[in-house]
Structure formats: structure tokens, C-alpha cells
Amino acid sequence: MMTQHNSFRPGEIWPDNRGVHINAHGGGVLFHDGVYYWFGEHKIAGEAGNAAFVGVRVYSSTDLYNWGDEGVALAVSDDPQSPITRGCILERPKVIFNPRTGKFVMWFHLEPKDAGYAGSLSGVAVADKATGPFKFLRAFRPNAGIWPLNVPDAMKHALSAAELAHLDGLDLAGGPRPWYPKQLLFRRDFAGGQMARDMTLFVDDDGSAYHIYASEGNGTLHISQLADDFLSPAGNFIRVLPGRFNEAPVMLKHDGKYFLFTSDCTGWAPNPARLLVAGSILGEWEELGNPCLGPGEQITNTFNSQSTFILPVQGRAGAHIFMADRWNPQDASDGRYVWLPVGFKHGVPTISWHDEWDLGFFDK
Ligand code: GAL
């Protein structure tokens with residue numbers, strides 16, 4: 001008999017039903033027919049584990065503390081020609097269920113093998129069962145040929161020769177840069193599709209779904225509605241806070257307001273979280289500040305973690321779990337999970353540290 005868990009211990013080893021540390025990094029959780037499914041990157045040990053050698057693993061649970069290993073939901077391919085060939089970079093997988101088609105739909109951030117992070121592709125896969133097997137459909141840059149909803153008509157044209165020359169040789173690697181060209185990259189990528197790296201999916205109360213991704217060299221978030229079958233963009237998207245360099249987006253809705261938690265762009269190293277709010281998902285977004293409460297590093301490094309998903313707890317109105325990763329790029333599979341309850345102060349979400357906590361938190 002494995003030990004039964006009856007609490008969360010953020011940052012500790014989290015054994016599954018076989019006693020093995022859960023291997024579902026950069027993950028997300030789907031609730032379907034009374035069961036929670038946790039999908040995430042299966043990472044192998046060592047630095048090699050920063051690339052994908054297995055695929056997306058899935059676990060199931062009915063209480064959120066105890067997780068049963070359900071195997072590999074989406075396997076990397078042995079075909080060197082496949083976009084998801086073994087050794088590619090496959091990050092932040094999220095799965096949603098489409099009631100119209102009866103299919104489970106997975107989106108993830110994909111980088112072709114041995115090509116760094118320049119590809120900035122979105123991958124899509126589909127399955128008949130939550131636990132898979134998922135069938136890889138395609139990898140692409142979203143929103144090719146579509147202008148964002150929230151840019152003036154005067155900007156809706158290709159780059160001029162002078163603008164192209166300006167971009168040529170501009171150092172856009174890494175995080176925030178004062179010379180970041182706020183209005184050029186989405187126009188450069190209009191024809192071929194927008195860059196899409198860190199991402200999440202969000203299903204609204206009316207059943208519409210959104211792909212939220214770090215775009216334009218990580219400098220600008222996009223919120224992009226999905227088509228009715230959830231397999232492609234619907235054709236309407238907005239740019240959020242151009243030049244603010246928000247990564248690791250995760251979303252919750254509370255009292256009619258949309259809240260996005262994000263991080264700054266510092267690779268695997270943690271940094272202070274940020275909170276953004278909007279009254280409508282494709283509307284005007286405003287930055288509120290750091291949602292973390294507590295002393296010193298707890299707020300300056302988001303409890304030594306980076307956001308990956310917000311899990312709405314079923315049957316408890318307003319109860320949400322902030323899911324984050326404590327990455328270990330030297331030994332990838334040893335990365336830890338930081339799950340913390342979201343509190344609300346004056347209607348605004350907050351996160352505080354707990355060495356150990358349980359769902360009774362939400363009864364208070
Ligand atoms: C992080 C990102 C991770 C991964 C990493 C690579 O900023 O959130 O998902 O892409 O960079 O350095």
C-alpha cells in the first residue's frame with residue numbers, strides 16, 4: 001500500500017501511486033466526468049531533460065492529492081521528419097475537452113529539434129479519451145494573415161524597407177530590452193504567423209476557448225480565441241501590454257473579471273510574478289502588480305517558482321489553485337511543483353506560502 005496523501009506540500013517530492021515523483025512539468029489540469037487529469041512534460045534526468053525524449057505524461061486523481069500514473073498521453077515520434085521527433089522541445093501542454101466534437105484537444109509550445117527557441121510554434125493534438133493516446137495534428141505559428149483586433153488600421157500593413165533595416169541585426173535575444181520594437185514584430189510575422197512560446201488554454205463560462213501565448217520575441221502576450229472545434233485559431237486575437245515581457249501566462253475568472261498571472265522573462269530562474277486584470281477577455285488589460293504576499297524572496301521570486309496553470313477546484317465556488325514549477329534545468333526530472341491556494345483580498349487574487357495545506361483552506 002502506498003502512503004495516501006491528504007495535503008499539499010509545495011516544493012517537496014510528490015510521489016504518484018507507484019511511489020515515483022510525478023513527472024508532469026509545465027503542466028495543466030483538466031476536470032472531466034468527475035476525474036482530474038494532470039498533463040505535463042515528462043522530463044528525463046540531467047540537462048538533457050530540457051528537451052523532450054518521452055512526451056506528455058498524464059495522471060488522474062479524484063481528490064487532487066493522490067495521483068495515478070496513466071502513462072504517456074502524447075508520445076514523441078521516432079520519425080526524424082516529424083515535428084515532434086524525439087529531442088524536440090515540447091513545453092507547457094494543456095488539454096481541454098470539446099463538448100461539440102467529443103474530443104480532447106491538446107495545445108503545446110513546440111520547438112523543432114536542435115534549433116533553440118526560434119521556431120516558436122504551437123502544436124495541436126487530439127484524442128478520444130482523456131488519457132490518450134493523443135494524435136499529433138500539426139505545428140504552426142498561429143494567426144497567419146490576421147491582424148490583431150486592438151491595433152489601429154494605420155498599423156495594418158507590411159514593414160517598410162526602413163523598418164526591416166531597423167530590425168536587421170537588432171539584439172532581441174533574452175528578456176526585456178529598452179530597444180524592443182513594440183510595433184514591428186507582429187507586422188513582420190503577419191504573413192507567416194505569430195511567434196508562440198509559453199502558453200495556456202482557458203475555457204470561458206460560455207464555452208469559448210482561448211489560447212494565451214507569449215509572442216513577438218516574448219515581449220507581448222497574445223490572447224487568441226479558438227475555433228469551435230478548438231483545433232485552430234478562430235481569427236480574432238489581441239495584443240496585451242506590448243513590450244512588457246510577460247511569460248508563463250495563467251488565467252482565472254472571478255466575479256466576472258479575468259485575471260492573468262504572468263512572470264518576467266528570466267529563463268528557468270524565478271522572478272517576481274505579475275497580475276493583470278480585464279473586464280472582458282479580449283478587452284483592455286491593466287497591470288495590477290505582484291500577487292504574492294510574504295517576506296523577502298517569497299515575493300521577489302514567486303516562492304522560487306514560475307506559474308504554469310490555474311486549477312479551479314470543482315464544487316467549491318471561487319476556489320483556485322495556483323500551479324507553478326520550481327525548475328531544475330541541471331536535473332530536469334527533479335523539478336518540483338509548487339501548488340498554492342489563491343486567496344482574494346478586496347476582490348483581487350493573492351498567493352501566500354504554505355509549507356503544507358489542504359482543501360479545507362477554501363472553507364475558511
Ligand atoms: C522559461 C519558460 C519555460 C522554458 C524556459 C527555457 O522562461 O517559462 O517554459 O521555455 O524558459 O529557458
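Atoms within each ligand, like the ligands themselves, are counted from 1 in listed order.
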Would you check the N or O atoms of Trp327, main chain and side chain alike, for any that come under 3.5 Å of an N or O of ligand 1?
no

Ligand 1 to Gln306 polar contact by distance, N or O atoms, under 3.5 Å
yes

In this structure, atom 10 (O) of ligand 1 is nearest to the protein heavy atom Glu91 OE1, 2.7 Å

Which is closest to atom 3 (C) of ligand 1 by heavy-atom distance: Asn50, Asn218, Asp198?
Asp198

Gly267 N/O to ligand 1 N/O under 3.5 Å:
yes

Only one of Thr262, Asn290, Thr302, Asn246 clears side-chain hydrogen bond (donor to acceptor under 3.5 Å, both in side chains) with Arg274; which?
Asn246

So, for Phe190 and Trp147, is the gap between ring centers shorter than 6.0 Å?
yes

Are a donor atom and an acceptor atom from the side chains of Asp63 and Asn66 found within less than 3.5 Å of each other?
yes

For ligand 1 and His109, I'd like to know whether there is a polar contact (N/O to N/O, distance under 3.5 Å).
no

Atoms of ligand 1 less than 4.0 Å from Glu247 heavy atoms?
1 (C), 7 (O), 8 (O)

Just by distance, do the side chain of Arg177 and the backbone of Ala173 share a donor-acceptor pair under 3.5 Å?
yes

For atom 6 (C) of ligand 1, which protein heavy atom lies nearest, and how many Å away is it?
Tyr117 OH, 3.3 Å

Would you compute the distance between atom CZ of Phe8 and atom CE of Met323 and round it to the nearest 0.5 angstrom?
10.0 Å

Name the orientation class of the two ring planes belonging to Trp339 and Trp38 (parallel below 30°, tilted from 30 to 60°, perpendicular beyond 60°).
tilted

What's the shortest heavy-atom distance between Leu231 and Arg138, and which atoms?
O-NH2, 3.7 Å

The one among Arg92, Arg197, Glu41 that brings a heavy atom closest to atom 9 (O) of ligand 1
Arg92

